[in-house]
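Residue numbers count from 1 along this sequence. None of these values were measured; they are calculated from a predicted model. Order of appearance sets the numbers: ligands from 1, and atoms from 1 within every ligand. Values below: every heavy atom of this structure, side chains too, minus hydrogens, waters and symmetry copies.
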Amino acid sequence: MAATGYVDDIARVLIGERELAARVAALGRQISRDYAGLDPVLIGILKGTAFFFADLLRAITIACQADFMAISSYQAGTAPSGAVRIVKDLDQSIEGRHVLMVEDVIDTGLTLRYVLRNLRARRPASLEVCCLLNKPARRLVDTPLKYRGFDVPDLFVVGYGLDYNQLYRNLPFVGVLREEIYEPG
Ligand code: IMP
Ligand code: MG
């Protein structure tokens, strides 16, 4: 069957809507406690974190600011290219600020390492990471994850912001793509 670009291409739901909402709410409570009085800056990495970021910020009950970066780390397809570049930089300085970087998936950890190095050079007061999905199976570099939503197996997943060739981001759950979608024939 040809790809539809939507729900018919999903083999199975890995994390459903209610499970996502409950975990994001818990992360929001934890971050609200940990950062009370610190006026943190949350940095969302576009585009994959857009949905997670919007839900997480609404689950945070303390003053905080939001900024975005866009990076390009994957070629079209599922294989990591190794190359990461900043496509859109932050609007504000983070020097002396408490920064929480929000990522969608940590897979090899190479993207995270690059972005953390880049942000650390701007001398924030603190720098931590909150990721939605952690895939430990293919980790190549040590990654400090203060907050993480779910540990997931080594499967290519889409939905809730995550894409395959820029499709499927608008699925309200995290699901596993049918294999024939990315391995045609
Ligand atoms: P890393 O540099 O290998 O850790 O790759 C992390 C980035 O790859 C994430 O920010 C995603 O953009 C992308 N990525 C990794 N695994 C998946 C997946 O299963 N679905 C969609 N994107 C993924
Ligand atoms: Mg990403």
Side-chain angles (χ1 to χ4, degrees), residues 3-17 19-20 23-24 27 42-56 66-90 99-120 127-184:
T4 67
Y6 199 56
V7 71
D8 288 348
D9 300 343
I10 302 302
R12 65 187 171 93
V13 174
L14 191 64
I15 309 167
E17 276 187 82
E19 208 181 338
L20 283 168
R23 188 70 194 113
V24 172
L27 287 171
L42 278 84
I43 297 179
I45 309 295
L46 297 171
K47 299 173 235 180
T49 49
F51 297 67
F52 175 46
F53 194 82
D55 287 343
L56 181 67
D67 206 342
F68 296 95
M69 256 174 127
I71 56 175
S72 155
S73 57
Y74 265 50
Q75 315 288 30
T78 57
S81 67
V84 179
R85 74 195 163 89
I86 295 177
V87 177
K88 180 226 171 286
D89 205 349
L90 300 175
V99 173
L100 182 58
M101 185 190 142
V102 180
E103 247 292 37
D104 51 3
V105 190
I106 312 297
D107 188 11
T108 63
L110 292 170
T111 308
L112 180 66
R113 181 173 66 176
Y114 176 90
V115 178
L116 284 179
R117 273 188 189 155
N118 183 288
L119 294 177
R120 207 172 283 125
L127 180 59
E128 301 287 355
V129 179
C130 175
C131 72
L132 176 66
L133 305 180
N134 178 40
K135 284 187 182 176
R138 299 206 306 159
R139 191 63 39 85
L140 294 177
V141 294
D142 208 27
T143 45
L145 304 176
K146 185 160 184 190
Y147 308 96
R148 45 174 211 258
F150 301 89
D151 283 345
V152 295
D154 186 16
L155 294 168
F156 194 79
V157 293
V158 295
Y160 197 57
L162 303 170
D163 75 302
Y164 173 67
N165 287 349
Q166 299 302 326
L167 291 169
Y168 311 101
R169 291 192 199 275
N170 58 324
L171 290 170
F173 52 80
V174 173
V176 183
L177 263 189
R178 285 176 21 224
E179 257 174 52
E180 61 266 35
I181 302 296
Y182 52 90
E183 285 167 6

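The main-chain N or O of Leu112 is never found under 3.5 Å from a side-chain atom of Arg117 such that the two would form a donor-acceptor pair. Under the 3.5 Å distance criterion, the side-chain polar atoms of Asp104 are left unmatched by any main-chain donor or acceptor of Leu162. Side-chain N or O atoms of Arg139 include one that pairs as donor or acceptor with a backbone N or O of Ile106 at under 3.5 Å. When atom types are taken as modelled, the side chain of Arg23 and the backbone of Gly149 share a donor-acceptor pair closer than 3.5 angstrom.
Interface atoms of ligand 1 facing Thr111, defined by a heavy-atom separation under 4.0 Å, are 1 (P), 2 (O), 5 (O), 6 (C). Taking a cut-off of under 4.0 Å to the non-hydrogen atoms of Lys135, the atoms of ligand 1 that pass are 16 (N), 17 (C), 18 (C), 19 (O). Taking a cut-off of under 4.0 Å to the non-hydrogen atoms of Glu103, the atoms of ligand 1 that pass are 10 (O). Listed by atom number, the atoms of ligand 1 under 4.0 Å from Thr108 heavy atoms are 1 (P), 2 (O), 3 (O), 4 (O). In summary, the atoms of ligand 1 found under 4.0 Å from a heavy atom of Val157, numbered by their order in the structure, are 18 (C), 19 (O), 20 (N), 21 (C).
Classified by interplanar angle (parallel below 30°, tilted 30° to 60°, perpendicular above 60°), the ring pair Phe52/Tyr160 is tilted.
Test Val102, Val99, Asp67, Thr49 against Leu42 for side chain to side chain contact (heavy atoms under 4.5 Å, CB included) and you get one pass: Val102.
A heavy-atom separation below 4.0 Å is not found between Gly48 and ligand 1. Look at Val158 and you'll find every heavy atom at least 4.0 Å from all atoms of ligand 1. Within the structure, ligand 1 lacks Leu140 among the residues with a heavy atom less than 4.0 angstrom away.
Residue Arg138 does not touch ligand 1, judged by heavy-atom distances below 4.0 Å. When heavy-atom distances to ligand 1 are checked against a 4.0 Å cut-off, Leu155 comes that close only through its backbone atoms N, CA, C and O.
Scored by the side-chain hydrogen bond (donor to acceptor under 3.5 Å, both in side chains) test, Arg113 finds no partners at all (sequence neighbours excluded). Lys88 meets the salt bridge (Lys or Arg N to Asp or Glu O under 4.0 Å) test with Asp91; sequence neighbours excluded.
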Give the intermediate values and the outcome of side chain to side chain contact (heavy atoms under 4.5 Å, CB included) for residues Cys130 and Leu27. CA-CA 9 Å; Cys130 175; Leu27 287 171; 4.3 Å; yes
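Not one N or O of Asp163 is nearer than 3.5 Å to an N or O of ligand 1, by distance alone. Considering backbone and side-chain N/O of Ile106, none are found under 3.5 Å from N/O of ligand 1.
Of the candidates Leu112, Asp104, Ile45, Ile71, the one placing a heavy atom closest to atom 11 (C) of ligand 1 is Asp104.
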